[in-house]
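Quick caveat: nothing in here was measured; it's all calculated off a predicted structure. Computed from heavy atoms alone, side chains included, the values below leave out hydrogens, waters and symmetry copies.
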Amino acid sequence: MRLAFTMLLVLVIPAGVCAQSKGVKTFPFEKKAGSHTARVVFRTKVFERARHRSTEVREGQTMVDGRPAIGTDGSIPAVEIDSMRFYFDGKEIKVPWKLYADCFNPNFGDEHVSLKFGRDGRSVMVTMSGSDGAGGYAVSWTLRKNGRHVRSIDQP
């Protein structure tokens with residue numbers, strides 16, 4: 001009986017560990033211009049309702065933690081951006097959570113993300129699209145070397 005229980009643990013525990021990490025993915029993007037290098041690394045994970053204060057649908061709009069969930073069309077998000085890291089010439093510059101926390105169901109293929117240096121050489125524009133189908137959007141972040149980042153969102 002103990003042998004059977006031990007075998008069960010040996011088989012079940014690794015499966016649980018694999019299942020937990022299955023939804024976490026990392027998407028690095030890099031751009032060079034002259035002597036400058038910009039790198040943005042997105043980390044995503046499966047959306048877990050229990051990890052948020054509230055998730056509800058009000059009048060066709062999904063709300064997560066009191067904010068409209070961008071990239072959804074009255075449905076619960078499937079994927080969320082867990083972190084967004086920005087490196088300018090090798091130095092990490094913090095990106096505030098509020099600039100990406102409400103962007104759900106992102107698309108990270110090369111055709112959906114682009115990086116472009118600003119004319120001043122001290123900023124990088126990052127564009128990304130996302131959607132659950134009908135809830136399509138495009139977001140643009142202007143990430144600056146001085147840390148004063150901004151974003152704009154286009155939702156048709």
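- Looking only at side-chain heavy atoms (C-beta outward), Arg51 and Lys45 come within less than 4.5 Å of each other.
- Hydrophobic clustering (ILVMFWY, side-chain heavy atoms < 4.5 Å, transitive): Ile70 and Ile76 are in distinct clusters.
- For the pair Tyr137 (side chain) and Phe104 (backbone), a donor-acceptor distance under 3.5 Å is present.
- Remark: Arg148 CZ to Arg122 CZ distance equals 12.0 Å, nearest 0.5 Å.
- Considering every non-hydrogen atom in both Ser140 and Thr127, the closest pair reads OG-CG2, 3.3 Å.
- Atom CG of Asp110 has 12 or fewer neighbouring heavy atoms from other residues, nucleotides or ligands inside a 6.0 Å radius.
- In this structure a side-chain-to-backbone donor-acceptor pair under 3.5 Å is missing from His112 to Ser129.
- Ion pair Glu56/Arg58 flagged as a salt bridge, since at least one NZ, NE, NH1 or NH2 atom sits closer than 4.0 Å to an Asp/Glu carboxylate oxygen.
- Between the CZ atom in Arg39 and the CZ atom in Arg85 there is a gap of 10.5 Å [rounded to 0.5 Å].
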Audit row: Lys145, Lys91, side-chain contact (heavy atoms from CB on, under 4.5 Å) steps and yes/no: CA-CA 9 Å; Lys145 188 175 178 178; Lys91 179 182 176 191; over 6 Å; no
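- When the side chains of ILVMFWY residues are joined at heavy-atom separations under 4.5 Å, either directly or via intervening members, Met63 and Phe47 end up in two distinct hydrophobic clusters.
- The shortest side-chain heavy-atom distance between Thr44 and Val24 does not fall under the 4.5 Å cut-off.
- Residues Phe86 and Phe29 are members of one and the same hydrophobic cluster, defined by side-chain heavy-atom contacts under 4.5 angstrom among Ile, Leu, Val, Met, Phe, Trp and Tyr.
- The two residues Cys103 and Val139 make their nearest non-hydrogen contact at SG-CG2, 4.4 Å.
- Listed for the Ser75 side chain is no donor-acceptor partner under 3.5 Å among the backbone atoms of Thr72.
- The cluster map of Ile, Leu, Val, Met, Phe, Trp and Tyr, joined by side-chain heavy atoms under 4.5 Å apart, puts Phe108 and Val95 in the same cluster.
- Partner of Phe117 under the side-chain contact (heavy atoms from CB on, under 4.5 Å) criterion, chosen from His36, Met125, Lys32: His36.
- In this structure a side-chain-to-backbone donor-acceptor pair under 3.5 Å is missing from Ser123 to Thr142.
- Under the side chain to side chain contact (heavy atoms under 4.5 Å, CB included) criterion, Arg67 pairs with Trp97, Lys98, Ala101, Asp102, Arg151, not counting sequence neighbours.
- Formation of a donor-acceptor pair under 3.5 Å by the Asn105 side chain with backbone atoms of Pro77 is not found in this model.
- Summarising the geometry of Ile81 relative to Pro106, their closest heavy-atom pair is CG1-CG, 3.9 Å, with the distance given to 0.1 Å.
- The backbone N or O of Thr37 lies less than 3.5 Å from a partner atom in the side chain of Asp89, making a donor-acceptor pair.
- Judged by distance alone, the side chain of Trp141 and the main-chain N or O of Leu99 form a donor-acceptor pair under 3.5 Å.
- Rounding to the nearest 0.5 Å places CZ of Arg43 at 5.5 Å from CG of Asp82.
- In this structure, Tyr87 OH and Leu143 CG are separated by 13.0 Å, a value rounded to the nearest 0.5 Å.
- In this structure the side chain of Thr26 never reaches within 4.5 angstrom of the side chain of Phe42, judged on heavy atoms.
- In this structure, Val126 is a member of the same hydrophobic cluster as Ile153, with clusters built from ILVMFWY side-chain heavy atoms closer than 4.5 Å.
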side-chain contact (heavy atoms from CB on, under 4.5 Å) evaluation trace for Ile93 with His149: CA-CA 10 Å; Ile93 300 161; His149 313 307; 3.7 Å; yes
Arg144 vs Asp120, side-chain contact (heavy atoms from CB on, under 4.5 Å): CA-CA, chis, key distance, verdict: CA-CA 10 Å; Arg144 296 186 176 105; Asp120 62 2; 5.8 Å; no
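- When all heavy atoms of Asn107 and Ser131 are compared, the pair lying nearest together is ND2-N, 4.1 Å.
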